[in-house]
Amino acid sequence: MIALYGLGLLALLATSLPVAVCILLVGVGAILIADVPHSMIVERLIFGLDSFLLIAIPLFLFMGNLMNASGITARIFAFAQSLVGHWNAGLAQVNVVSSVIFSGMSGSALADAAGLGSIEIKAMREAGYKPAYAAAITAASATIGPVIPPSIAAILYAFIADVSIGRMFLAGIVPGFLMTAVLMATVHWRARHLDLPRTPRVDGRTRLRSFTIALPALVCPVVLIGGMRSGAFTATELAAVGVLYAALLGAIFHRDVSLRDLWSAARETAITAGGIMLIVAAAHVFAWILAREQIPQDLARWIVDLGLAEWQFLLVVNVILLILGMLLDTTAILILVAPVLAPVAVALGLDPVHFGIVMIVNMMVGLLTPPVGMALFVVARLADTSVGAVAREALPYVATLLVTLLVLTYVPGIVLFLPDLVYGGSP
Amino acid sequence: MASGRQLPKRLMRLIGLVEETLAVLLLIGISAVVLLQVFGRYIFVNPFIWPEELTRLMLVWLTFVGAAAVTRRGAHIAVDMLIRRLPPVTALVLATLVEAVTAGTFVWVTLLAARLAQQVMPLPLAATQWSMGVMVWPAVVGCALIAAHALIRTVAQLRALLTGDDAARQEILEREVVRS
């Protein structure tokens, strides 16, 4: 049964049918095979969206797009440049640092790559970096975005696996900074072998000034995480506060932002959200079919019978996810795989929050691997170079991020340390 | 004759504009109502109960209106790895089939949703006491629009395929397939 549904779904996806339609067609299959009532399909499709947590998804998307439109990204870039610009391969390091700062106010890697990326790639090309090199580090650093909160992927996972969104958000912080350190070290190590330009060191006063200019942006992640931690706000409420904050930043500090820019940011958000939320709606149909056919339970029993050790299971899951990451979009993987595997992971005694972060980091590596590496497509277009060239330049980052993924997979303490500290030990 | 063809085109463009404007207004509306809820709780110390329900309703509306806009633009999330590697005519045949299947699927969903909408009409929502129909009917309309956009795209692609104009085929392919 699992094989039938799984292969059917993959075959449908391969035809380039929209993911939502593929899932609905699996629903049709379930009606024919398992005699599921028709009405359940559409009931799940519509009522499944009736969730306050899911509202956070369009709102966080909106916040990130508004931040991009408000010109805040240029300030972040200037601040990062004053910090690390004089290092070896300075602008590449600036690129990583900017992404970390921006990740605190955006929940999607593609928003990072597209918004910050256009500024970063332009600056790097003007300074004499190869377009493919500039594009590759932009794509690689954008993967930090969905690991550090806020994160659309973490919200989706929390929703699917029924874990606390607060724990998921906190669990991403240390891994996100670890990825940052690893990427910066990779840039540094490669810079010894490549002849890369530097920018002059700036004096303390300039640094302070760029810090002051960027301050309104730097405050944002602190407020978000603080608000969440205090328990005074839900993720959705914080997202709405973030939207207001981003809109005010644009209106007050950046007079050159027109109403038209804000409107087009809203339109892009609304359309992106429509695409994502339709899949989320369809995911309910899918989850319900899975539950009715008892697929996660069967799979869990089968895996337990195989006598796989925890580490073997995690290795197999990581390999499968990496392969899927080469073929599928992040949202689609989460929605198709998390409802199947999260219950299995729990049955094997793994922490669902740790498993979720491993899944997300794994899928972020998938954004950098062809043929379907969405981040590669976005940055290649921005840098006006070929996807293949960027993919080759991105290889060292993929390799070191994979090592990071292994460490995160097998040392759960790195992931769970912060949520356990704040919320108490895992239940 | 020309104006006869122009009219539906203009109508669809108008519908597209309405969809996107509505989606933007819903997005702004959701942000505003959630903020109102926060301020209601902390400033007026008087928690309202209706805003949460209203935002959940608006999320359902946003999803289906937004999805209709996505369909019109041909921007659904899909795996385009295979179709990118096919020769142009084969790719266009596949793209046409994909649109046709999408249209068919959503005609079916629309009919089921309309039946559901009728069934839930007498049921009230918890906080606002509105009929549950306000949640389901917009989804019915959204699904119908998705089906309509997909059908129009099927016809446009079929026409490019059959009229045999290479330039038109290429243009449609570039717009449809190479979307990322």
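Reminder, nothing fancy here: chain letters follow the sequence lines and each chain counts from 1. Values below: all heavy atoms of this structure, side chains included; hydrogens, waters and symmetry mates excluded.
Two residues are said to be in side-chain contact when any heavy atoms from C-beta on lie closer than 4.5 Å; B:Phe64 and A:Leu278 meet this criterion. Taking 4.5 Å as the limit, some side-chain heavy atom of B:Val101 sits within range of a side-chain heavy atom of A:Leu25. Residues B:Leu27 and A:Pro58 meet the side-chain proximity criterion, which asks for heavy atoms closer than 4.5 Å. Put simply, the side chain of A:Val42 does not reach to within 4.5 Å of the side chain of B:Trp108, judged on heavy atoms.
With chain A as partner, the option from B:Val34, B:Ile146, B:Val136 having the largest number of non-hydrogen pairs under 4.5 angstrom is B:Val34. When each of A:Val19, A:Thr272, A:Leu17 is checked for heavy-atom pairs under 4.5 Å with chain B, A:Leu17 comes out on top. Put simply, of A:Cys22, A:Ala14, A:Ala273, A:Pro18, the one with the most heavy-atom pairs under 4.5 Å next to chain B is A:Pro18. If you tally non-hydrogen atom pairs under 4.5 Å between each of B:Val70, B:Leu94, B:Ile77 and chain A, the highest count goes to B:Ile77. When the candidates A:Gly275, A:Ser51, A:Ala281 are compared by the number of heavy-atom contacts under 4.5 Å with chain B, A:Ser51 comes out ahead. Of the residues considered (B:Leu82, B:Val109, B:Leu35), B:Leu35 shows the highest number of contacts with chain A, using heavy-atom pairs under 4.5 Å.
There is no contact between B:Thr71 and chain A, counting heavy-atom distances below 4.5 Å. Neither the backbone nor the side chain of A:Ile57 comes within contact range of chain B; no heavy atom of the residue lies under 4.5 Å from a heavy atom of that chain. Within the 4.5 angstrom heavy-atom criterion, only side-chain atoms of B:Val120, from C-beta onward, approach chain A. Looking at A:Ile279, the atoms closer than 4.5 Å to chain B (heavy atoms on both sides) all sit in the side chain, from C-beta outward. When heavy atoms are compared at a cutoff of 4.5 Å, A:Ala332 does not approach chain B at all. If you measure heavy-atom distances from B:Leu116 to chain A, the contacts under 4.5 Å come from the side chain alone. For chain A, no part of B:Arg72 is nearby; none of its heavy atoms comes within less than 4.5 Å. Contact of B:Leu112 with chain A is made through backbone and side chain together, with heavy-atom distances under 4.5 Å.
Atoms CG and CG, from A:Leu49 and B:Leu57 in turn, are 11.5 Å apart once rounded to the nearest 0.5 Å. Rounded to the nearest 0.5 angstrom, B:Arg84 CZ and A:Ser16 OG are separated by 10.5 Å. In this structure, A:Met277 CE and B:Leu62 CG are separated by 8.0 Å, a value rounded to the nearest 0.5 Å.
Applying the side-chain contact (heavy atoms from CB on, under 4.5 Å) test to B:Arg56 and every residue at least two apart in sequence or in another chain returns A:Asp50, A:Phe52, A:Ile55, B:Glu52, B:Glu53. The side-chain contact (heavy atoms from CB on, under 4.5 Å) search around B:Ser31 returns A:Leu59, A:Phe62, A:Val243, not counting sequence neighbours. With sequence neighbours left out, A:Val387 forms a side-chain contact (heavy atoms from CB on, under 4.5 Å) with A:Leu376, A:Phe377, A:Ala380.
Atom CG of B:Leu14 sits in a crowded spot, with more than 12 heavy atoms from other residues, nucleotides or ligands closer than 6.0 Å.
For residues 234-241 of chain A, heavy-atom neighbours of chain B at less than 4.5 Å comprise A:Thr236, A:Glu237, A:Ala240, A:Val241, sorted by residue number.
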